[in-house]
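Lettering of chains follows the sequences in order, A, B, ..., and the numbering in each one begins at 1. Because the structure is predicted, anything quoted here is derived from the model rather than measured. Below, all heavy atoms of this structure are taken into account, side chains as well, without hydrogens, waters or symmetry copies.
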Number of protein chains: 4
Amino acid sequence: MKRIETDTGLNTSDDSTRERIVKSAREEFVAHGFTGSRVERIAKQAGVNKAMIYYHFKSKENLYHAVVEETLSHSFERLHRRVSDTANLEDALREIVTTHTELMTGFEGFRPIMLRELANPSSEFLDRLAAIIVNSGLPATIRRRIESGIKVRAIRQVDIRQAVTAFMAMSIGYFLMAPLSERIFQVSDPDKFTEDRKKAVPDIFLNGIRTR
Amino acid sequence: MKRIETDTGLNTSDDSTRERIVKSAREEFVAHGFTGSRVERIAKQAGVNKAMIYYHFKSKENLYHAVVEETLSHSFERLHRRVSDTANLEDALREIVTTHTELMTGFEGFRPIMLRELANPSSEFLDRLAAIIVNSGLPATIRRRIESGIKVRAIRQVDIRQAVTAFMAMSIGYFLMAPLSERIFQVSDPDKFTEDRKKAVPDIFLNGIRTR
Amino acid sequence: MKRIETDTGLNTSDDSTRERIVKSAREEFVAHGFTGSRVERIAKQAGVNKAMIYYHFKSKENLYHAVVEETLSHSFERLHRRVSDTANLEDALREIVTTHTELMTGFEGFRPIMLRELANPSSEFLDRLAAIIVNSGLPATIRRRIESGIKVRAIRQVDIRQAVTAFMAMSIGYFLMAPLSERIFQVSDPDKFTEDRKKAVPDIFLNGIRTR
Amino acid sequence: MKRIETDTGLNTSDDSTRERIVKSAREEFVAHGFTGSRVERIAKQAGVNKAMIYYHFKSKENLYHAVVEETLSHSFERLHRRVSDTANLEDALREIVTTHTELMTGFEGFRPIMLRELANPSSEFLDRLAAIIVNSGLPATIRRRIESGIKVRAIRQVDIRQAVTAFMAMSIGYFLMAPLSERIFQVSDPDKFTEDRKKAVPDIFLNGIRTR
DNA sequence: GATGAATGAGATTTCATTCAT
DNA sequence: AATGAATGAAATCTCATTCAT
């Protein structure tokens, strides 16, 4: 049943009924949010009877949790592999931007779900995502690298939390607000733009904190 | 962080029924999104009969538009006054961060509405907000200042769009993802942190693009 | 809105929607029990939209409570009026049998509801009914009359609780098991039989406890 | 009150799947009535798959019939042995009260099923139970004994049907309404109370119809 | 302007029953 | 004999909207 993960980590060819339901549900929740989603539509899309959904998941809410679970386990696998045997700060930062990019562009659904959960102050999703990120070791790695950089005077005496937060915002916050950015600065080739970011963001950030 | 109400462009002391409805509606839409919001609850909160809402606004959607309108007119007022006769790039950047901060923290509801609209690709709200931002002149000002900076070799030959976008992400994207950041880096005093950002962000960014 | 009570205490001509719903609901619950009853049928019978039922009562359970309430308030009025200015024990017993008879035959629905509630050990209905009966003063009156009868040796030294319980069983228990009795002893004229009981039961009981 | 299981006619140690299903079904039907009972719950309780129930019984209704059958065969065994060569009326009455007591208290479930069937005018269960009671010969015996009592003037000229019915109500009707009685007259020791009844009821009844 | 009552359409959920294995 | 998965039909409940007053 375990299958080799595709590049997106998304298991699209497993057609066990349960998987088919989760898949349809993800699409539906992504497109309409929780309340806007219709169990009927999810069922039809999955090619099953509505009752089947209640057989496998007990409620619409449960089904949503299952989708969130899947979305998160995906991001978990993504992050875990990247962690930390990067040679230096620059490589680590590149890794993060790349990972975030893949997360936000490669897994259709992660972004909208995250956006909506960000509007929900007591979101379990965010709790779990934060835990995943922390456990991946990336924030600690960055912090440590910056600290040693400061010690050897390669990096200025910046407020580390401000610096790391700013970097996260550049890396992941960008994707959240992308539709607004795209409206403000007409981006003609978004793919190239996203690709360029992978270099531009670490570059600006590193120069921003480096000693001169 | 507490601000004088009249300054927000939000007339909270007008007790006309219509205003009371819009106020409740805003709270409801902010808390539950469009589909999750209940006309009944809005009515009860406003202390009126449900039918009254249909008397004043013709539909739930209409009411939502009214709320969005209000939210946007607010952000418009916010941005309009600031425009651009700032002395230099650094001042301009500070102005932007400050404006964004006020926008996101000063008007309860702006953030959640924006988050949810960001999940909606054909959002009218984003169209209008982008227009407001563009019309405020700030992006053009920044761009121009960077361009002249490059010309006189004060600023490196960076990709301007990437730079401006990165700055925007740091400035406004941060607020969108704040609940996640707060979970990852335990921020004990968010008000002070937000205040510090007003200096830290332009500092990192400017150093990031300056020649050395 | 208050109207003169008919003989049954059942307000059948009040056609406010709420009343019509309760009336249909009573019929439905009586005929099918709680789980067997259908909100749809109740609505149709009351000539209203299903949603109307949820507008007036919040749930099916609530509606059931309302029916029970009505049934009980009815029995309450019934009993309250009869209380206790009966001249002697015999009159008091006749009063009880008459009241029980009216309750069980006059108010279509009391019996089935009571039967089903008797099968439910933690029934609120029974709690309330017991309270009504106790508060009517009848049990205390009977008990007191028997006690004084014993004192003056008109009545034998019987176990009073057993006696009163036995009488209650004869009076009200009979109606509960009537369908069984009717099957065992073919009763050709049930109305006359019920009428005769009003004398026969006190007669047997009184002779049963009298001294000789 | 605790009785030896084999005596009840209920084979509780037969672990065949079929028996386990009937046992769970009885508990379920007793607790929730027919419409309130859930096939799913019965299956789970019996430790089998829902489909198994449909394999053994064809439908929920069929299963209910099986339970009723079992309940009736039980009451049949209960009553069968007692028949009527009791020495005198008093002994016969005691026999009946004892039998009824055992019927109602000895077989968990008999009472609730009977109560609910009593609400159902065309109940097959009642038909069959009445037949069993009639066939046991007890009612005829009582009637005959009363008739001869009247002939020899040991018993008053009472309406025999009324008398027998009243006795039945005292004997069996009591159990039906017991939860109400217990609420009205706080009975602290129900076991003793039930035991005392076995003497009190025939005593009151006999004195009630005896000549003086 | 304002309300209580009403509604149609449709949402989520339940349940007895059957099918394929 | 036994199961997990599936289903059709229907149940309870919800909600934006309208009507009569």
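B:Val67 is listed as a side-chain neighbour of B:Ile113, based on a closest heavy-atom distance under 4.5 Å.
Taking all atoms of both residues into account, the shortest heavy-atom contact from C:Gly109 to C:Val30 is CA-CG2, 3.2 Å.
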Self-check item: Per-nucleotide pairing state of DNA chain F [Watson-Crick or G-U, under 3.5 Å; [ ] pseudoknot-crossing; | other strand]
Solution: .||||||||||||||||||||
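Along DNA chain F, the nucleotide nearest to B:Lys60 and the one nearest to A:Arg18 differ in position, and the one closer to the 5' end is contacted by A:Arg18.
Not counting sequence neighbours, A:Phe110 has no partner by the ring-ring contact (aromatic ring centres under 6.0 Å, His included) test. Remark: A:Glu124 engages no residue in a salt bridge (Lys or Arg N to Asp or Glu O under 4.0 Å) (not counting sequence neighbours). C:Arg38 is linked by a salt bridge (Lys or Arg N to Asp or Glu O under 4.0 Å) to nothing, counting only residues two or more places apart in sequence or in another chain. By the side-chain hydrogen bond (donor to acceptor under 3.5 Å, both in side chains) test, D:His32 is found to be paired with D:Glu28, residues two or more places apart in sequence or in another chain being considered. The ring-ring contact (aromatic ring centres under 6.0 Å, His included) test applied to C:Phe125 returns no partner, not counting sequence neighbours. D:Phe34 meets the ring-ring contact (aromatic ring centres under 6.0 Å, His included) test with D:Phe29, D:Tyr64; sequence neighbours excluded. Partners of A:Arg128 by salt bridge (Lys or Arg N to Asp or Glu O under 4.0 Å), not counting sequence neighbours, listed by chain and number: A:Glu69.
Residue pairs that meet the salt bridge (Lys or Arg N to Asp or Glu O under 4.0 Å) test with at least one member in residues 51-60 of chain A, sequence neighbours left out, do not exist here.
Here, E:dG1 and F:dA20 have their P atoms 22 Å apart, quoted to the whole Å.
Rounded to whole Å, the distance from CE on D:Met52 to C1' on F:dA1 is 5 Å. Counting to the nearest Å, the P atom of F:dT7 and the CD1 atom of A:Ile53 are 11 Å from each other. Here F:dT14 presents its P atom at 12 Å from CG of C:Asn62, a figure rounded to the nearest Å. We find that NE2 of D:His56 is positioned 13 Å from C1' of F:dT3, with the value rounded to whole Å.
Between C:Ser59 and the phosphate of F:dT12, there is no side-chain N or O to OP1/OP2 separation shorter than 4.0 Å.
For DNA chain E, the span of nucleotides reached by chain D at under 4.0 Å from its heavy atoms goes, 5' to 3', from E:dC15 to E:dC19.
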Please report, to 0.1 Å, the donor-acceptor pairs under 3.5 Å made by any side chain of residues 44-52 of chain A, with sequence neighbours excluded.
residue: A:Asn49; atom: OD1; partner: A:Ala51; partner atom: N; Å: 2.7

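Of the residues in residues 30-51 of chain A, those lying under 4.0 Å from DNA chain F by heavy-atom distance are A:Val48, A:Asn49, A:Lys50, A:Ala51.
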